[in-house]
Protein chains: 2
Amino acid sequence: MSTRRETVRQALTESSGFRSAQDLYADLRSEGSKIGLTTVYRALQALSDSGEVDVLRTDDGEAVYRACITDSHHHHLVCRGCGKAVEIEGPMVERWADSVGTQHGFTDITHTVEVFGTCADCAAAKG
Amino acid sequence: MSTRRETVRQALTESSGFRSAQDLYADLRSEGSKIGLTTVYRALQALSDSGEVDVLRTDDGEAVYRACITDSHHHHLVCRGCGKAVEIEGPMVERWADSVGTQHGFTDITHTVEVFGTCADCAAAKG
DNA sequence: GCGGATAACGAAAACGGTTGTCAAAATCCG
DNA sequence: CGGATTTTGACAACCGTTTTCGTTATCCGC
Ligand SMILES: [Zn+2]
Ligand SMILES: [Zn+2]
Ligand SMILES: [Zn+2]
Ligand SMILES: [Zn+2]
């Protein structure tokens, strides 16, 4: 119910890419909000616990979050330049991951799959 | 040629799973080595820069390293319990990642794919 | 509305993994 | 054997994140 959690969710939703807690904090403050960094972290934690947002780790270990449209299992195609993300599906990848796991005697199999690239906009801006 | 870098490489090689810098440091110290934590970090950085070891991030952002046998592109099936890892390949996943990226107008496409599970040993120990 | 319990909030401190600093020790070279 | 160069490791700084704790807002029975 918290207003602040709603605020954070909306800030995330307005972005098309993955954003860090500190990014969102900076955005909200620059819009005049008096929200605290702790609250942003708490909201993101709650949202990711409830599965409402996706979280992944950048190469340098920072957590970044995204409010995805679909709530079923999916992966992301993420722009290395601007963070913009596209939700993607790959049924054969799901099957492959499960089968390669069971083939080696593993159980409770999960997987992480992320595809990275440079989006058309960023490529144009750089070219 | 540094002896210390060799020491770290060997400590990694003796393990079948992904290990953190602090893990390796603790191991080496307990074996009587007088190596410093900074040096372990430096060695791992150098080894991963040169592509001799693979690195990935745990859920909580910690970097873990592994000395893989093959030096060609591959992925890992990692035990959630003990960190033991198996090198796996999935040509169809490689193709899928590239094609889904180009389909959305992205270039310079790369990907991360990791499969997690509980290995037979850990399942037996827990059951 | 009022008053007290309860939950949310935010500033600041603590935390943990990682990196930077710098002087001491080891190695190299002439 | 010097002196230059590189490697090393104790320690401090860093940075993202979590914890702490006193304050503030929200609920709810009256
Ligand atoms: Zn882009
Ligand atoms: Zn999947
Ligand atoms: Zn295991
Ligand atoms: Zn691959």
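A note on names: the letters A, B, ... follow the listed sequences, proteins ahead of strands, and every chain is numbered from 1.
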Report the distance from atom [atom1] of [X] to atom [atom2] of [N], rounded to the nearest whole Å.
{"X": "A:Asp59", "N": "C:dT19", "atom1": "CG", "atom2": "P", "answer": "12 Å"}
{"X": "A:Asp60", "N": "C:dT19", "atom1": "CG", "atom2": "P", "answer": "9 Å"}
{"X": "A:Arg5", "N": "C:dG10", "atom1": "CZ", "atom2": "C1'", "answer": "18 Å"}
{"X": "A:Glu62", "N": "D:dT17", "atom1": "CD", "atom2": "C1'", "answer": "10 Å"}

For B:Gln10, what residues pass the side-chain hydrogen bond (donor to acceptor under 3.5 Å, both in side chains) criterion, not counting sequence neighbours? B:Glu14
Quick one: list whatever passes side-chain hydrogen bond (donor to acceptor under 3.5 Å, both in side chains) with A:Asp60, sequence neighbours left out. A:Thr58
Please enumerate all residues that pass salt bridge (charged side-chain N to carboxylate O under 4.0 Å, His left out) together with [X], with sequence neighbours excluded.
{"X": "B:Asp98", "value": "none"}
{"X": "B:Asp121", "value": "B:Lys84"}
{"X": "B:Arg9", "value": "B:Glu6, B:Glu52"}
{"X": "B:Asp54", "value": "none"}

Enumerate the residues from residues 36-51 of chain B whose closest heavy atom to DNA chain D is under 4.0 Å, giving them by residue number; use none for an empty result. B:Gly36, B:Thr38, B:Thr39, B:Arg42
Does anything in residues 9-35 of chain A reach DNA chain D, meaning a heavy atom under 4.0 Å, and if so which residues? A:Gln22
side-chain contact (heavy atoms from CB on, under 4.5 Å) between A:Glu114 and B:Glu114, intermediate numbers included: CA-CA 9 Å; A:Glu114 309 294 339; B:Glu114 310 292 339; over 6 Å; no
Contacts of A:Thr70 meeting side-chain contact (heavy atoms from CB on, under 4.5 Å) (sequence neighbours excluded), chain-then-number -> A:Ser72, A:His74, A:Glu87
